[in-house]
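Notes follow once the structure below has been shown.
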Amino acid sequence: MATKTIEIREGSVEEFRSDAGVLLVDHFCEVARDAGVRKLNPDWEMFETLEGLERLMILLAYQDNQCVGYCVSVLMAHSHNKHQLQLHNDTTFVHPSVRKSGVGLELMRCMEEIADDHGADCVWIAPTHSKLDQVMARRSEYVGTHTIYSRRAK
């Protein structure tokens with residue numbers, strides 16, 4: 001009996017753009033609060049700049065050589081303490097066909113290892129009442145520190 005295994009590996013901006021391109025569209029359509037008003041338009045130049053500075057961490061999840069998920073974070077100094085490093089998650093997405101299989105948790109675990117390797121705090125922004133919010137609330141090593149409110153530009 002063949003089993004479908006998931007492989008998580010570090011990737012580049014080029015791989016993120018090419019391998020996860022369709023997933024970016026799926027992700028945007030699923031969660032964008034202003035889809036239909038604004039279009040998906042990633043700032044690839046910014047991603048490339050951060051990659052060149054070794055500040056962009058990209059994890060890609062593959063099943064049978066097909067990208068089924070990603071997790072992208074930015075390594076940065078805390079704006080009020082330049083000696084405190086933080087790894088801020090920018091975006092995470094897992095294709096619906098492989099959700100509930102542990103892919104999302106494995107992407108998180110691997111990103112936490114990257115944070116640990118850099119001596120950085122790991123920061124996740126979880127949409128209120130989302131699955132990620134529920135997961136983070138149960139993890140004793142994390143503490144809620146902020147509530148974030150968003151307002152659309154006029």
Side-chain angles (χ1 to χ4, degrees), residues 1-51 54-76 85-118 120-150 152:
M1 178 173 163
T3 60
K4 294 183 176 183
T5 59
I6 302 291
E7 177 189 4
I8 308 281
R9 58 184 187 236
E10 292 185 36
S12 65
V13 170
E14 183 178 323
E15 291 168 316
F16 179 48
R17 187 176 191 167
S18 63
D19 294 2
V22 172
L23 293 181
L24 288 170
V25 174
D26 292 345
H27 187 184
F28 183 75
C29 291
E30 183 176 310
V31 302
R33 61 191 173 110
D34 52 5
V37 176
R38 295 184 180 153
K39 294 182 180 182
L40 176 64
N41 187 17
D43 189 345
W44 296 112
E45 290 177 358
M46 180 208 48
F47 282 127
E48 290 167 351
T49 298
L50 289 169
E51 181 178 52
E54 298 181 355
R55 294 293 186 223
L56 189 68
M57 309 301 158
I58 299 172
L59 295 173
L60 299 169
Y62 293 89
Q63 181 180 63
D64 300 328
N65 294 316
Q66 179 77 27
C67 188
V68 295
Y70 55 79
C71 185
V72 179
S73 297
V74 178
L75 184 65
M76 57 194 289
L85 281 179
Q86 295 183 324
L87 187 64
H88 281 259
N89 181 251
D90 175 63
T91 187
T92 301
F93 182 73
V94 174
H95 191 274
S97 68
V98 294
R99 289 183 187 161
K100 297 185 180 182
S101 67
V103 176
L105 290 174
E106 186 62 16
L107 284 166
M108 289 179 69
R109 189 191 64 72
C110 291
M111 197 57 78
E112 289 170 337
E113 285 181 14
I114 291 171
D116 291 345
D117 290 346
H118 286 89
D121 298 340
C122 208
V123 178
W124 299 89
I125 296 175
T128 305
H129 306 299
S130 67
K131 180 67 175 171
L132 178 59
D133 188 25
Q134 295 167 19
V135 167
M136 299 310 289
R138 291 191 305 264
R139 297 194 57 194
S140 62
E141 68 269 34
Y142 284 92
V143 64
T145 58
H146 295 80
T147 300
I148 297 173
Y149 295 91
S150 298
R152 288 186 192 165

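These numbers were taken from a predicted model, which means no experiment stands behind them. If you read the sequence from its start, that first residue is 1, and numbering goes on from there.
L87 contributes atom CG, which lies 7.5 Å from atom CH2 of W124 (distance to the nearest 0.5 angstrom). The distance from the CG atom of L59 to the CD atom of E10 is 6.0 Å, given to the nearest 0.5 Å. The CG atom of L24 sits 11.0 Å away from the SG atom of C29 when rounded to the nearest 0.5 Å. A distance of 9.5 Å separates OG1 of T49 from CD of E51, quoted to the nearest 0.5 Å. Atom CD1 of I114 sits about 9.0 Å away from atom SG of C122, to the nearest 0.5 Å. The distance from atom CG of L85 to atom NE2 of H118, rounded to the nearest 0.5 Å, is 8.0 Å.
Side-chain contact between L56 and V74 is present, with at least one heavy-atom pair separated by less than 4.5 Å. H27 has its side chain within reach of T91: a pair of non-hydrogen atoms, C-beta onward, lies under 4.5 Å apart.
The local environment of CD in E14 is sparse, with at most 12 non-hydrogen atoms from other residues, nucleotides or ligands closer than 6.0 Å. When the shell of 6.0 Å around CG of D117 is examined, it contains more than 12 heavy atoms from other residues, nucleotides or ligands.
Residues P42 and F47 come closest through the heavy atom pair CB-CE1, 4.3 Å. Residues V72 and N89 come closest through the heavy atom pair O-ND2, 3.2 Å. The two residues L23 and V68 come nearest to each other via the heavy atoms CD1-C, 3.6 Å. For the pair K39 and F28, the tightest heavy-atom approach, listed with the atom from each and the gap, is C-CZ, 3.9 Å. When all heavy atoms of L107 and G69 are compared, the closest pair comes out as CD1-C, 4.3 Å. Shown here for E54 and M57, the closest heavy-atom pair between the two residues is O-CE, 3.5 Å.
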Please step through side chain to side chain contact (heavy atoms under 4.5 Å, CB included) for the pair T92 and M111, ending with a clear verdict.
-> CA-CA 11 Å; T92 301; M111 197 57 78; over 6 Å; no
Please lay out, stage by stage, how E106 and R109 fare under the test salt bridge (charged side-chain N to carboxylate O under 4.0 Å, His left out).
-> CA-CA 5 Å; E106 186 62 16; R109 189 191 64 72; 2.4 Å; yes
L50 vs M46, side chain to side chain contact (heavy atoms under 4.5 Å, CB included): CA-CA, chis, key distance, verdict | CA-CA 6 Å; L50 289 169; M46 180 208 48; 4.1 Å; yes
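Of the possible polar contacts, none joining the Q66 side chain to the Q63 backbone as a donor-acceptor pair under 3.5 Å is found. At distances below 3.5 Å, at least one donor-acceptor pair connects side-chain atoms of H95 with backbone N or O atoms of S97. For R55 (side chain) and M76 (main-chain N/O), no donor-acceptor pair under 3.5 Å exists by modelled atom type. Although no hydrogens or angles enter the test, the distance criterion places no donor-acceptor pair under 3.5 Å between the side chain of S130 and the main chain of A126.
Here the rule is side chain to side chain contact (heavy atoms under 4.5 Å, CB included) with M136, and of K131, E141, M108 only M108 fits it.
Between F93 and Y70, the two ring planes are tilted [angle within 30° to 60°].
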